[in-house]
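To keep things clear, I will list the structure first and then write my remarks on it.
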Amino acid sequence: MLKQFLNFKLSQKLSPQQIQLMKLIQLPTQAFEQRLLEEMNENPALEGGDDQEEIYEKDEFDNNDEYDDYDDNENIDSGDINIDEYLSNDETPDYKTQANNYSDDDEDRESPLSAPVSFHQDLINQLNTFILTDEQRDIAEFLVGSIDDMGYIRRTIQDIVDDMAFTQGIYTDEKTVEKILHIVHELEPSGVGARDLQECLLLQLKHKTPTESVALAMNIIQDQFEAFTKKHYDKLMLKFSISREQLKNGIDEIERLNPKPGGAYTGSNKMTEHVVPDFAIKIVDDELELTLNGRNAPELHVSKDYQDMMKTYKDSKDKSTAQKDAVQFIKQKLDSAKWFIDAIKQRQETLYVTMNAIMHFQRDYFLDGDEANLKPMILKDIADMIGLDISTVSRVANSKYVDTPYGTKLIKEFFSEAMTNDQGEEVSTIEIKNILQSVIAEEDKNKPLPDDQLADILKEKGYPIARRTIAKYREQLDIPVARMRKKM
């Protein structure tokens with residue numbers, strides 16, 4: 001059933017319902033809960049159970065209810081509607097989403113720590129400490145709204161002036177906006193609202209207690225920023241007529257600054273607000289046990305009130321035009337509710353079978369946590385194991401997390417390509433990247449290793465890799481070139 005529902009041929013055009021299912025599969029736990037609330041608000045025929053915390057133990061995904069597809073644009077003849085199809089002998093029809101793979105731990109259903117005030121809201125709150133006119137306040141709030149998650153405003157003042165006029169009806173000029181921007185630059189964290197890295201660092205230095213080293217750091221950033229970024233230290237010493245020790249003190253001041261003033265705030269919010277494990281893997285009696293977060297399994301059923309309305313229509317002798325119009329609306333909502341419940345079942349099964357295949361493929365790693373035991377694994381490997389499309393596996397892997405005995409991991413991190421070592425054995429690129437990272441961490445920072453020397457070292461360790469591959473892995477690890485790793 002699942003394979004038939006999901007494994008579409010490229011030549012086929014996906015229906016709107018199939019597209020909705022794909023989107024449901026892609027959602028992580030918290031986003032899924034939000035989507036569920038939206039659906040229940042939009043469709044009164046879809047209801048939750050009395051106890052949202054109940055965990056079901058039934059072993060199968062029930063799919064016994066057949067119903068007609070409904071096209072919003074189709075003109076339905078009320079007389080053709082099979083009313084009995086929407087009625088049930090049970091007092092409360094059972095369309096509950098049930099599966100055999102929920103966690104038994106109540107804690108799996110609880111939310112993470114309560115979300116703190118957002119980065120932008122905190123900046124807005126700080127504006128309350130300034131005495132501003134209504135116009136100045138509007139401009140300041142617009143500027144704060146233009147700050148990205150890293151803390152920068154990456155738009156020109158002229159663009160901001162134009163945007164405020166077109167979208168907010170705020171008519172001002174560049175000089176006024178520049179003046180308000182200086183107020184935004186007083187907000188915390190220091191450096192927020194900068195338009196580039198140079199301005200960001202200068203703003204932070206201006207907030208520091210004045211010392212000889214801070215003054216030198218400001219001169220370097222303001223007058224010799226390019227030489228600093230290229231680490232031309234001899235040129236800097238000559239330019240400012242200073243000793244190596246004085247330069248080192250100035251550089252130390254700069255290196256203590258935060259090049260992404262909004263990054264740490266945003267990062268902590270992401271951890272609090274969004275990272276809820278979708279799965280949990282435990283080791284029980286030397287065997288792996290996989291559970292799906294119970295928050296992915298809400299108790300849902302079709303509204304009894306809506307079914308009663310269908311029964312009333314069936315029993316009535318004189319069916320008015322208004323009643324016929326109403327029953328068409330009811331049918332649409334019931335169809336939609338039944339489809340959504342079935343789609344959630346499909347989503348649950350898809351998540352579980354995909355993660356179960358990943359867990360068994362990487363069994364050695366999950367048993368001991370040693371990343372050296374991660375096997376090369378690509379999306380196609382898992383897709384072939386479970387008979388689903390590669391794109392479906394990708395939707396599960398890209399946005400879901402699993403709680404393991406070794407921490408919470410993003411599932412896509414378990415995927416890697418294969419490389420062959422000097423023994424002819426296939427090893428994961430994850431293992432090679434870890435070794436590369438260790439070599440760079442242990443290098444002499446006075447003489448950082450260029451990529452060709454890194455390639456030689458890895459070759460000595462049994463991993464014959466080309467220099468360009470070293471460069472690619474280094475960039476993926478967000479490690480700069482040797483010249484940029486040089487320390488005073």
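Note that this is a predicted model, so its numbers are computed, not measured.
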Looking only at atom types and distance, does a side-chain atom of [X] sit under 3.5 Å from a main-chain N or O of [Y], one as donor and one as acceptor?
X	Y	value
Thr408	Thr404	no
Asn293	Phe279	no
Ser336	Gln332	no
His120	Ile147	yes
Lys231	Met484	yes
Asp163	Asp159	no
His185	Gly193	yes
Asn41	Leu37	yes
Tyr401	Ile411	no
Thr354	Thr350	yes

(request) Take the angle between the ring planes of Phe225 and Phe228 and call it parallel below 30°, perpendicular above 60°, tilted in between. (result)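 Because their plane-to-plane angle lies in the 30° to 60° range, the rings of Phe225 and Phe228 count as tilted.
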
(request) Going by the side-chain hydrogen bond (donor to acceptor under 3.5 Å, both in side chains) test, name the single residue among Arg154, Arg155, Lys260 that passes it with Asp148. (result)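 That would be Arg154; it is the only one of Arg154, Arg155, Lys260 passing the side-chain hydrogen bond (donor to acceptor under 3.5 Å, both in side chains) with Asp148.
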
(message) Less than 6.0 angstrom separating the ring centers of Tyr365 and Phe414, yes or no?
(response)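 Centroid distance Tyr365-Phe414: below 6.0 Å, so yes.
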
(message) Is there a side chain to side chain contact (heavy atoms under 4.5 Å, CB included) between Val192 and Glu186? Walk through the geometry before answering.
(response) CA-CA 8 Å; Val192 74; Glu186 294 297 317; over 6 Å; no

How long is the straight-line distance from [atom2] of [Y] back to [atom1] of [X], given to the nearest 0.5 Å?
X	Y	atom1	atom2	answer
Thr133	Asp138	OG1	CG	8.0 Å
Ile465	Asp451	CD1	CG	11.5 Å
Leu201	Asp196	CG	CG	9.0 Å
Thr129	Leu187	OG1	CG	7.5 Å
Leu257	Leu205	CG	CG	4.5 Å
Asp162	Phe166	CG	CZ	5.5 Å

Do [X] and [Y] have side chains that approach each other closer than 4.5 Å (heavy atoms only, starting at C-beta)?
X	Y	value
Leu351	Lys400	yes
Gln20	Leu24	no
Ile341	Leu46	yes
Ile25	Val396	yes
Gln198	Thr229	no
Cys200	Pro261	yes
Phe340	Arg35	yes
Leu247	Phe240	no

Report, as yes or no, whether the 6.0 Å neighbourhood of atom [atom1] on [X] holds more than 12 heavy atoms from other residues, nucleotides or ligands.
X	atom1	result
Asp134	CG	no
Arg468	CZ	no
Glu178	CD	yes
Lys409	NZ	yes
Gln158	CD	yes

(message) Show, in sequence, the C-alpha distance, side-chain angles and deciding distance for Lys345 and Glu349, and conclude whether the salt bridge (Lys or Arg N to Asp or Glu O under 4.0 Å) test is met.
(response) CA-CA 6 Å; Lys345 296 177 186 178; Glu349 186 175 354; over 6 Å; no

(message) Between Leu458 and Ile470, does the side chain to side chain contact (heavy atoms under 4.5 Å, CB included) criterion hold? Intermediate values first, please.
(response) CA-CA 9 Å; Leu458 262 70; Ile470 291 290; 3.9 Å; yes

Could you tell me which non-hydrogen atom of [X] sits nearest to which non-hydrogen atom of [Y], and how far apart they are?
X	Y	value
Arg474	Leu436	N-CD2, 4.0 Å
Arg467	Asp452	CG-N, 3.7 Å
Ala482	Leu449	CB-O, 3.6 Å
Arg295	Phe32	O-CE2, 3.9 Å
Ser213	Asn249	OG-CB, 3.4 Å
Leu197	Pro259	CD1-CB, 3.8 Å

Does a side chain donor of either [X] or [Y] reach within less than 3.5 Å of an acceptor in the other side chain?
X	Y	result
Asp389	Thr392	no
Glu212	Gln246	yes
Asn434	Glu371	yes

(message) Quick test of your reading of the model: are Arg195 and Glu199 salt-bridged, counting only N-O distances below 4.0 Å?
(response)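 Salt bridge present between Arg195 and Glu199.
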
(message) Using a strict threshold of under 4.0 Å (side-chain N to carboxylate O), is an ion pair present between Asp252 and Lys248?
(response)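 Salt bridge: yes.
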
(request) Give the C-alpha distance, both sets of side-chain angles, the deciding distance and a yes or no for side chain to side chain contact (heavy atoms under 4.5 Å, CB included) between Arg485 and Glu443. (result) CA-CA 10 Å; Arg485 302 198 303 272; Glu443 70 184 357; 2.7 Å; yes

(message) Please evaluate residues Ile153 and Leu181 with respect to the criterion side chain to side chain contact (heavy atoms under 4.5 Å, CB included), reporting the C-alpha separation (whole Å), side-chain torsions for both, the decisive distance (0.1 Å), and the verdict.
(response) CA-CA 10 Å; Ile153 292 179; Leu181 183 57; 3.7 Å; yes

(message) Do Arg244 and Tyr233 form a cation-pi contact, if we require the NZ or CZ to be under 6.0 Å from the six-membered ring centre and within 45 degrees of the ring's axis?
(response)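 Because its charged atom misses either the 6.0 Å distance or the 45° angle limit, Arg244 does not stack over Tyr233.
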
